[in-house]
S.K.: 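Below: one structure in structure tokens.
Throughout, protein chains are lettered first and strands after them, A, B, ... in sequence-line order, and every chain is numbered starting at 1. The shown structure was predicted, so the numbers you read here are calculated from the model rather than taken from an experiment.
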2 protein chains.
Amino acid sequence: MSMTPQNCAEKAVRRVPRGEKRREEIAAVAERVFLHRGFTETTMQIIAEEASASKETLYRHFGSKEGLFFEVIRSRSVRITGGNEGELSVEGSPREILGDLGLNLLRFLVNPDSLSLYRAIVTEVPREPELGRIFYAQGPARLLNQFANYLVSATRCGKLFCPEPELAAKLFIGSIVANYQILGLIAPEEAAFSDQKMRTHVNEAVSMFLARYGVCSAKRS
Amino acid sequence: MSMTPQNCAEKAVRRVPRGEKRREEIAAVAERVFLHRGFTETTMQIIAEEASASKETLYRHFGSKEGLFFEVIRSRSVRITGGNEGELSVEGSPREILGDLGLNLLRFLVNPDSLSLYRAIVTEVPREPELGRIFYAQGPARLLNQFANYLVSATRCGKLFCPEPELAAKLFIGSIVANYQILGLIAPEEAAFSDQKMRTHVNEAVSMFLARYGVCSAKRS
DNA sequence: ATATAACCGTACCATCTAGTACGCTTATCC
DNA sequence: GGATAAGCGTACTAGATGGTACGGTTATAT
């Protein structure tokens with residue numbers, strides 16, 4: 001009856017965009033699939049179907065399966081630390097700052113997406129070492145740097161005493177991260193990631209750190 | 001000329017054993033190959049060639065590729081901690097004991113075989129969760145337990161003060177392990193694993209631990 | 001000694017999947 | 001509005017690989 005029914009038709013005759021926009025749509029879908037299934041278990045066919053795209057389009061944009069994977073992981077690695085670029089403020093008590101940092105970190109890397117990304121990278125590093133370097137630089141290295149910088153500042157203004165900030169940073173981050181990461185990667189189901197447990201863990205890590213590098217008052221509570 | 005030349009022939013006409021012995025030979029070869037190349041990049045054909053075996057023999061003994069992989073990883077996970085079953089002795093100063101434990105642990109897990117095993121398991125856990133459980137129980141869990149037991153004993157005889165030994169154990173092990181393990185998995189080539197660095201790292205980790213959980217003399221050096 | 005079953009090598013099958021080709025449709029640019 | 005290139009879907013190729021079959025050989029047990 002109406003003359004231009006196709007545009008306002010309720011049936012989802014999705015207008016599919018062209019060029020860069022389509023490329024990004026596909027990359028987003030691919031990211032989800034790769035993270036969910038890993039590189040090997042993912043086929044180009046699956047990605048194409050999920051994105052309602054054709055394999056030809058995939059190959060036109062990304063050249064190969066590895067090219068697509070590479071781009072996806074790379075962009076995600078960069079995005080990971082997109083938020084926390086800034087310096088850590090020296091305002092507030094070290095205990096508070098360390099606690100916040102630790103808890104945020106822990107919450108972040110216990111979440112399934114982070115674990116999947118990490119798993120995918122660990123798996124593919126032998127074949128694509130570049131991937132590991134990018135991820136390390138964007139993720140762990142950046143965090144360590146940022147934290148070490150804070151330690152320097154805090155030491156300078158007398159709130160902490162850290163002669164070797166890089167090392168201290170590694171110890172603190174490690175004491176928080178290690179056990180949860182291993183569990184998350186190796187035994188995801190039985191990992192009990194209650195927020196309560198994480199809080200307790202972080203608090204104790206902070207206490208240990210401050211026992212060594214703290215500078216203030218009541219030594220040895 | 002001689003009547004039984006084939007047995008003493010210099011040409012390696014390797015007498016190939018039958019039954020269980022052959023099975024173990026093959027498993028040993030498979031272990032090497034799997035650790036070196038990972039599950040996906042390993043083919044049954046390669047294993048067969050490396051072991052001078054026939055695929056049929058592989059399948060008779062192990063049923064499937066996954067079966068072979070499973071058996072190999074399982075036995076290796078068990079073997080990992082085969083040495084250090086015993087309790088940690090309470091003799092000696094905590095600083096010494098923690099230092100030794102830490103350094104041994106660190107040396108152990110930066111070695112390429114350990115990293116390969118860990119990588120293989122991380123990769124395959126989504127498909128074979130059982131693998132992860134076995135590894136965790138045989139490796140990390142056992143170590144944590146052992147260490148926590150030591151902390152209890154040391155606390156009991158007044159050499160340390162650890163009200164929450166499990167948590168303290170996690171913090172200590174984590175502070176030692178995390179950074180090196182990540183680097184080893186993610187950026188193997190640029191990982192600078194000098195023994196000197198590891199020593200320094202461990203020493204500082206021990207100092208931090210003792211600052212919190214130590215009990216003796218010269219508080220706050 | 002001889003029977004038997006483990007073993008080897010080669011060939012083979014079925015499947016899966018990266019990557020290509022092609023004809024038709026449709027968004028986009030002028 | 002019409003040309004053009006991006007995109008879709010289907011079909012196809014080629015290579016790799018898990019797993020099987022089979023005939024000949026050799027260790028091993030009786």
Side-chain angles (χ1 to χ4, degrees), chain A residues 3-9 11-30 33-34 36-72 123-124 127-128, chain B residues 3-9 11-30 33-34 36-72 123-124 127-128:
Chain A
M3 283 171 58
T4 55
Q6 60 250 41
N7 266 348
C8 38
K11 233 122 196 257
V13 203
R14 193 175 97 81
R15 263 174 67 106
V16 34
R18 298 275 165 103
E20 198 58 27
K21 205 161 296 185
R22 188 72 178 118
R23 181 190 168 96
E24 277 160 28
E25 282 184 4
I26 292 175
V29 171
V33 179
F34 274 135
H36 187 70
R37 316 180 51 128
F39 180 80
T40 309
E41 302 291 316
T42 298
T43 72
M44 292 301 259
Q45 189 60 45
I46 292 178
I47 295 176
E49 281 166 14
E50 292 278 307
S52 299
S54 135
K55 283 211 294 175
E56 193 184 346
T57 308
L58 265 59
Y59 281 98
R60 182 157 8 91
H61 280 308
F62 305 100
S64 70
K65 186 185 178 186
E66 314 218 337
L68 177 53
F69 183 73
F70 196 89
E71 168 150 339
V72 159
T123 300
E124 295 307 323
R127 301 204 310 160
E128 294 273 9
Chain B
M3 285 173 51
T4 57
Q6 60 251 39
N7 266 348
C8 39
K11 245 4 232 325
V13 204
R14 191 173 97 80
R15 262 177 68 106
V16 33
R18 299 274 166 102
E20 198 58 27
K21 204 161 297 184
R22 189 72 179 118
R23 182 191 167 94
E24 278 159 26
E25 283 183 3
I26 292 175
V29 171
V33 179
F34 274 134
H36 187 68
R37 316 180 50 128
F39 180 79
T40 309
E41 301 292 315
T42 299
T43 71
M44 293 301 259
Q45 188 61 44
I46 292 178
I47 295 175
E49 282 166 13
E50 291 277 307
S52 299
S54 132
K55 283 211 293 175
E56 193 184 344
T57 308
L58 265 59
Y59 281 98
R60 182 153 11 88
H61 280 308
F62 304 99
S64 70
K65 186 184 179 187
E66 315 219 337
L68 177 52
F69 183 73
F70 197 90
E71 168 149 340
V72 159
T123 300
E124 297 307 322
R127 301 203 312 159
E128 294 274 10

S.K.: Atom CZ of A/Arg37 and atom P of C/dT17: how far apart are they, to the nearest Å?
M.R.: 9 Å
S.K.: From B/Glu50 CD over to B/Ile26 CD1, what is the distance, rounded to the nearest 0.5 angstrom?
M.R.: 12.5 Å
S.K.: In this structure, how many angstroms lie between the C1' atom of D/dA6 and the CD atom of A/Glu25, rounded?
M.R.: 13 Å
S.K.: What integer distance in Å separates B/Ile46:CD1 from D/dA16:C1'?
M.R.: 11 Å
S.K.: So if I take the C1' atoms of five pairs at each end of the helix from C/dA1-D/dT30 to C/dC30-D/dG1 and get each local axis, what angle do the two axes make, rounded to 10 degrees?
M.R.: 30°
S.K.: Measure CE/B/Met44 against C1'/D/dA16 and give the value in whole Å, please.
M.R.: 15 Å
S.K.: Does the side chain of B/Met44 reach to within under 4.5 Å of the side chain of B/Tyr59, using non-hydrogen atoms?
M.R.: yes
S.K.: Choose from C/dA18, C/dA5, C/dT28 the nucleotide whose nearest atom is closest to any side-chain atom of A/Thr43.
M.R.: C/dA18
S.K.: Is the phosphate of C/dC7 approached by B/His61 (side-chain N or O, under 4.0 Å from OP1 or OP2)?
M.R.: yes
S.K.: Taking ring-ring contact (aromatic ring centres under 6.0 Å, His included) as the definition, give me every residue that meets it alongside A/Phe62, ordered by chain and number, with sequence neighbours left out.
M.R.: none
S.K.: Supply the atom-to-atom distance A/Arg37 CZ to A/Ile46 CD1, rounded to the nearest 0.5 angstrom.
M.R.: 3.5 Å
S.K.: Side chain of B/Arg22: nearest nucleotide among C/dC8, D/dT17, D/dG19?
M.R.: C/dC8
S.K.: Write down the distance between CD (B/Glu41) and C1' (D/dT17), rounded to a whole number of angstrom.
M.R.: 12 Å
S.K.: Quick one: A/Phe62 CZ to C/dA18 P, roughly how many Å, whole number?
M.R.: 15 Å
S.K.: Where along residues 51-59 of chain B does a heavy atom fall under 4.0 Å from DNA chain D?
M.R.: B/Lys55, B/Glu56, B/Tyr59
S.K.: For the pair made of NZ in A/Lys65 and P in C/dT20, what is the distance, rounded to whole Å?
M.R.: 15 Å
S.K.: Calculate, to the nearest 0.5 Å, the distance between atoms CD and OG belonging to A/Gln45 and A/Ser54 respectively.
M.R.: 9.0 Å
S.K.: Measure from NZ or CZ of A/Lys65 to the centre of the six-membered ring of A/Phe39 and say whether it is under 6.0 Å with the direction within 45° of the ring axis.
M.R.: yes
S.K.: When B/Arg23 is tested against each of B/Glu20, B/Glu25, B/Lys21 for side chain to side chain contact (heavy atoms under 4.5 Å, CB included), which residue passes?
M.R.: B/Glu20
S.K.: Would you mind classifying the nucleic acid contact of B/Thr42 as base, sugar-phosphate or nothing, using non-hydrogen atoms under 4.0 angstrom?
M.R.: sugar-phosphate
S.K.: Kindly give the heavy-atom pair with the smallest separation between A/Arg22 and A/Ala53, and that separation in Å.
M.R.: NH2-CB, 3.4 Å
S.K.: Heavy atoms, side chains only, cut-off 4.5 Å: are A/Thr123 and A/Thr40 in contact?
M.R.: no
S.K.: What integer distance in Å separates A/Ile26:CD1 from D/dG7:P?
M.R.: 7 Å
S.K.: Look at the side-chain N and O atoms of A/Arg60 and state whether any lies under 4.0 Å from the OP1 or OP2 oxygen of D/dA6.
M.R.: no
